[in-house]
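For reference, the structure discussed in these notes is given below.
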Amino acid sequence: MSGITGVDTAGGQLRRGAAVLLEVLRSEGVDYIFGNPGTTELPLIDALLEIPDVHYVLGLQEASVVAMADGYAQAARKPGFLNLHTAGGLGHGLGNLLNASVSQTPLVVTAGQQDSRHTISDPLLFGDLVQIARPAVKWAQEVAHADQLPVLLRRAFHDSTAAPAGPVFLSLPMDVMEELSAVDIGAPSQINRQAVAGGLPELARALAGIAPGRLAIIAGDEVYGSDAAAEVAAVAQCLGAPVYGSSWPSRIPFATAHPLWCGNLPTQATAIAQTLGAYDAIFALGGKSLITILYTEGPALPASCAVYQMSSDVRDLGRTFWTPLSVVGDVRASLQALLPELQVLTQGRAAAYHAAGERVAAQRMQHKAQAMQAMQAMQAMQAHRSDAVIHPSVAAWEVVRAVGPDIAIVDEAIATSSDVRLFLESAWSAQYSFLRGGALGWGMPAAVGASLGLGRERVVSLVGDGAALYSPQALWTAAHEKLPVTFVVMNNQEYNVLKNFMRQQKDYISAREGTYPAMDIVNPSIDYQALARSMGVPSTKVTRAADIAPALEAALATDGPSLVEIVIAAS
């Protein structure tokens with residue numbers, strides 16, 4: 001059945017609601033719909049035949065679909081659009097929808113709903129989609145008529161990108177998708193959200209009043225969202241200030257090869273406080289940069305350390321720690337306005353700030369040299385041990401070395417993630433992304449979406465063996481779309497991070513006895529080679545550290561997807 005069916009009495013063009021939806025998507029610049037269709041999505045699937053420039057990316061499970069759209073939106077720096085299937089499909093996707101919410105990824109999430117004319121009889125697949133979605137999105141609404149589609153869809157695109165960015169949800173009843181409408185879809189509105197913060201002269205005086213070497217900058221995820229890496233570097237150089245990343249980041253939004261980059265903060269409050277105790281103040285760019293995992297005694301910020309913040313999200317300012325001054329505005333636009341003020345105020349002490357920056361750079365180089373010496377010593381030691389034992393740090397070192405500085409990395413391999421971030425050395429501030437939300441099953445499909453968002457460029461997906469089992473369906477989509485995604489499975493056959501957490505608790509019996517119920521993925525072991533091949537992805541297995549780089553280099557030279565399994569030491 002054609003989406004265009006006739007002309008109404010007023011001369012407007014009649015078409016089904018599904019066709020109206022696709023017209024709006026095309027006008028909003030949507031290239032991809034990420035989805036897994038069911039009966040309630042059939043009108044949309046049929047209407048796609050008339051809009052060939054909107055490509056439907058098929059995922060085999062809704063959790064993977066959400067993460068694909070998340071990875072795409074982050075890489076493309078624009079909202080991702082996805083379509084789920086009724087209450088069950090929305091429920092499947094909720095874990096990764098919560099990840100997207102925590103990561104503040106702009107997504108327009110839709111789900112097919114049962115025909116509203118028979119919901120009173122409790123039909124199969126019916127559920128209150130708005131209530132199911134509401135805890136994980138900025139707002140949720142059901143479309144009542146096809147004529148509402150243009151306004152509600154454009155509102156969804158705008159609100160998903162407004163600070164704080166995040167997912168929004170629309171329920172699409174099947175009868176609305178089939179309803180005939182002559183509605184005019186209008187045109188997209190242009191909204192400039194690059195507001196410059198107020199109070200910048202006062203902020204500049206406060207920052208310039210801190211002694212050289214006593215201020216630290218924290219580059220939060222919002223730096224990536226506003227594309228402000230160059231501005232952060234300029235401010236850091238002006239003040240001779242070290243730049244740290246968030247403790248649990250979505251991105252590393254700063255060039256890891258920059259001499260002022262000092263790595264990501266630790267994830268325990270006591271360790272964060274120890275790091276920041278060397279400074280009189282921090283300048284936090286973006287919110288929620290001091291995320292902790294397990295509780296430790298005391299706050300993450302020493303009482304002697306003042307907090308200055310800049311964020312487009314007013315809710316993050318002064319949320320946890322007292323601040324003498326924080327400002328609301330787009331990070332990039334506001335830093336561009338702040339920098340001239342700082343340059344004037346610091347001009348007379350330029351030599352002192354330069355010396356402070358030189359000390360930071362020297363400490364960074366020393367730290368890198370020590371890490372490289374440790375890797376060389378560990379590799380030499382492993383040369384005399386069993387081929388089947390690769391230390392996680394060595395695996396991380398070899399992978400980063402083989403991947404190089406110019407290929408995007410999507411990381412969900414928790415056992416090696418800290419080492420991977422330590423070893424990165426790239427001038428590209430957008431190279432690395434990570435599981436910000438914490439719910440496993442994001443990484444592999446996010447890498448698929450990231451490749452699409454980067455114009456089908458090469459992406460490396462680092463994933464733990466446990467995380468890989470949450471969303472292996474991403475392998476099939478990568479093969480189906482012929483995407484150059486290299487999946488690297490760090491396999492230690494256990495939930496390593498959970499065992500490590502238990503070891504930190506002195507009173508846990510498991511730690512004393514070395515027995516950890518429900519934390520080993522054995523008996524039977526997973527055959528990742530067979531799993532990859534079943535999804536159409538060629539694979540290889542590595543058990544020696546010396547073979548990691550050659551295996552990865554071969555995989556990276558292929559046109560399509562590939563999988564490299566690296567057997568790393570268990571705890």
Quick one: CD1 on Ile414 to OG on Ser417, what's the gap to the nearest 0.5 Å? 5.0 Å
Contact between Val65 and Leu58 at the side-chain level, heavy atoms closer than 4.5 Å - yes or no? no
Using a distance-only test with no angle check, is there a side-chain donor-acceptor pair under 3.5 angstrom linking Gln473 and Ser64? yes
In plain terms, say whether Asp159 and Lys138 are close enough for a salt bridge, that is, a side-chain N and a carboxylate O under 4.0 Å apart. no
Would Glu62 and His85 count as having a side-chain donor-acceptor pair, cut-off 3.5 Å? no
Taking the side chain as every heavy atom from C-beta outward, state whether Asn491 and Tyr528 have any atom pair closer than 4.5 Å. yes
Would you name the heavy atoms of Asn264 and Pro249 that are closest together and state the gap between them? ND2-CG, 3.6 Å
Rounded to the nearest 0.5 Å, what's the gap from CZ on Phe254 to CD1 on Ile218? Could you check? 13.5 Å
Give a yes or no on whether the backbone of Leu435 and the side-chain of Trp248 come within a donor-acceptor separation of less than 3.5 Å. yes
To the nearest 0.5 Å, atom CG of Asn96 lies from atom CG of Leu98 at 9.0 Å
Where the side chain of Ser247 meets the backbone of Ile291, is there a donor-acceptor pair that is under 3.5 Å apart? yes
Please tell me whether Tyr244 and Trp261 form a close aromatic pair, meaning their ring centres lie under 6.0 Å apart. no
Leu97 and Val109, any side-chain heavy atoms less than 4.5 Å apart: yes
Where do Phe157 and Val30 come nearest, in terms of heavy atoms and distance? CZ-CG2, 3.5 Å
Determine yes or no for a side-chain-to-main-chain donor-acceptor pair under 3.5 angstrom, with Gln431 supplying the side chain and Glu425 the backbone. no
Side chain Glu41, main chain Gly38, donor-acceptor under 3.5 Å: yes
Is there a side-chain contact between Phe434 and Glu412 in this structure, where contact means two heavy atoms from C-beta onward sitting under 4.5 Å apart? no
Do other residues, nucleotides or ligands put more than 12 heavy atoms under 6.0 Å from Asp53 CG? yes
What distance separates Glu231 CD from Leu285 CG, expressed to the nearest 0.5 Å? 11.0 Å
Count the heavy atoms of every other residue, nucleotide or ligand shown that sit under 6.0 Å from CZ of Arg319, and state whether that count exceeds 12. no
Side-chain (Ser334) to main-chain (Ala197) donor-acceptor, under 3.5 angstrom: yes
Short question: side chain of Gln309, backbone of Gly318 - any donor-acceptor pair under 3.5 Å? yes
Side-chain donor-acceptor contact under 3.5 Å, Glu222 with Ser311: yes
What pair of heavy atoms forms the shortest contact from Glu457 to Ser451, and how long is it? O-OG, 2.8 Å
So among Leu44, Val143, Asn83, Ile51, which one has a side-chain contact (heavy atoms from CB on, under 4.5 Å) with Leu21? Leu44
Please report the shortest heavy-atom distance between Thr416 and Pro392, naming the atom on each side. CG2-O, 3.6 Å
Do you know which two heavy atoms are closest between Ala555 and Val564, and how far apart they sit? CB-CG2, 3.9 Å
Do side-chain atoms of Thr110 reach the backbone of Leu82 as a donor and acceptor pair under 3.5 angstrom? yes
Measure the shortest side-chain to side-chain distance between Phe34 and Leu452 over non-hydrogen atoms and say whether it is less than 4.5 angstrom. yes
Of Val410, Thr477, Leu475, Leu462, the one forming a side-chain contact (heavy atoms from CB on, under 4.5 Å) with Met444 is Leu475
I'd like to check Tyr56 versus Pro37 (side-chain heavy atoms, cut-off strictly below 4.5 Å). Are they in contact? yes
Check whether His145 reaches the backbone of Asp147 with its side chain - one donor and one acceptor, N or O, closer than 3.5 Å. no
Can a donor-acceptor pair be found between the side chains of Arg436 and Gln104 at a distance below 3.5 Å? no
Which atom names give the shortest non-hydrogen contact between Gln268 and Thr292, and what distance separates them? C-CG2, 4.0 Å
Measure the SG-CD1 distance between Cys262 and Ile217 for me, rounded to the nearest 0.5 Å. 10.5 Å
Hey, what do you get for CG (Asp227) to CD (Gln194), rounding to the nearest 0.5 Å? 9.5 Å
Pair Asp70, Thr105: side-chain N/O donor-acceptor within cut-off below 3.5 Å: yes
Go through it in stages, so that I can follow the logic: the residues are Tyr32 and Phe81, the test is ring-ring contact (aromatic ring centres under 6.0 Å, His included), and I'd like the CA-CA distance, side-chain angles, deciding distance and then a yes or no. CA-CA 7 Å; Tyr32 300 106; Phe81 183 88; over 10 Å; no
Verify salt bridge (charged side-chain N to carboxylate O under 4.0 Å, His left out) between Arg16 and Asp46, making sure each step is shown before the conclusion. CA-CA 11 Å; Arg16 291 182 297 169; Asp46 187 57; 2.7 Å; yes
Flag the pair Arg332 and Asp330 as a salt bridge only when some basic side-chain nitrogen lies within less than 4.0 angstrom of an acidic carboxylate oxygen. no
Compare all side-chain heavy atoms of Leu200 with those of Val196 and state whether any distance is below 4.5 angstrom. yes
Using atom types as modelled and distance alone, determine if a side-chain donor or acceptor of Ser171 lies under 3.5 Å from a backbone N or O of Glu142. no
Just by distance, no angles: are the side chains of Arg251 and Ser103 close enough, under 3.5 Å, to form a donor-acceptor pair? no
Which donor-acceptor pairs under 3.5 Å do side chains of residues 480-489 form with protein atoms, sequence neighbours excluded?
{"residue": "Glu481", "atom": "OE1", "partner": "His55", "partner atom": "NE2", "Å": "3.1"}
{"residue": "Glu481", "atom": "OE1", "partner": "Arg456", "partner atom": "NH2", "Å": "3.0"}
{"residue": "Glu481", "atom": "OE2", "partner": "His55", "partner atom": "NE2", "Å": "2.9"}
{"residue": "Thr486", "atom": "OG1", "partner": "Arg458", "partner atom": "NH1", "Å": "3.4"}
{"residue": "Thr486", "atom": "OG1", "partner": "Ser562", "partner atom": "OG", "Å": "3.4"}

List the steps, then state whether side chain to side chain contact (heavy atoms under 4.5 Å, CB included) holds for Gln148 with Arg155. CA-CA 11 Å; Gln148 295 178 344; Arg155 184 178 298 169; over 6 Å; no
Is there a side-chain contact between Ser326 and Met310, using heavy atoms and a 4.5 Å cut-off? no
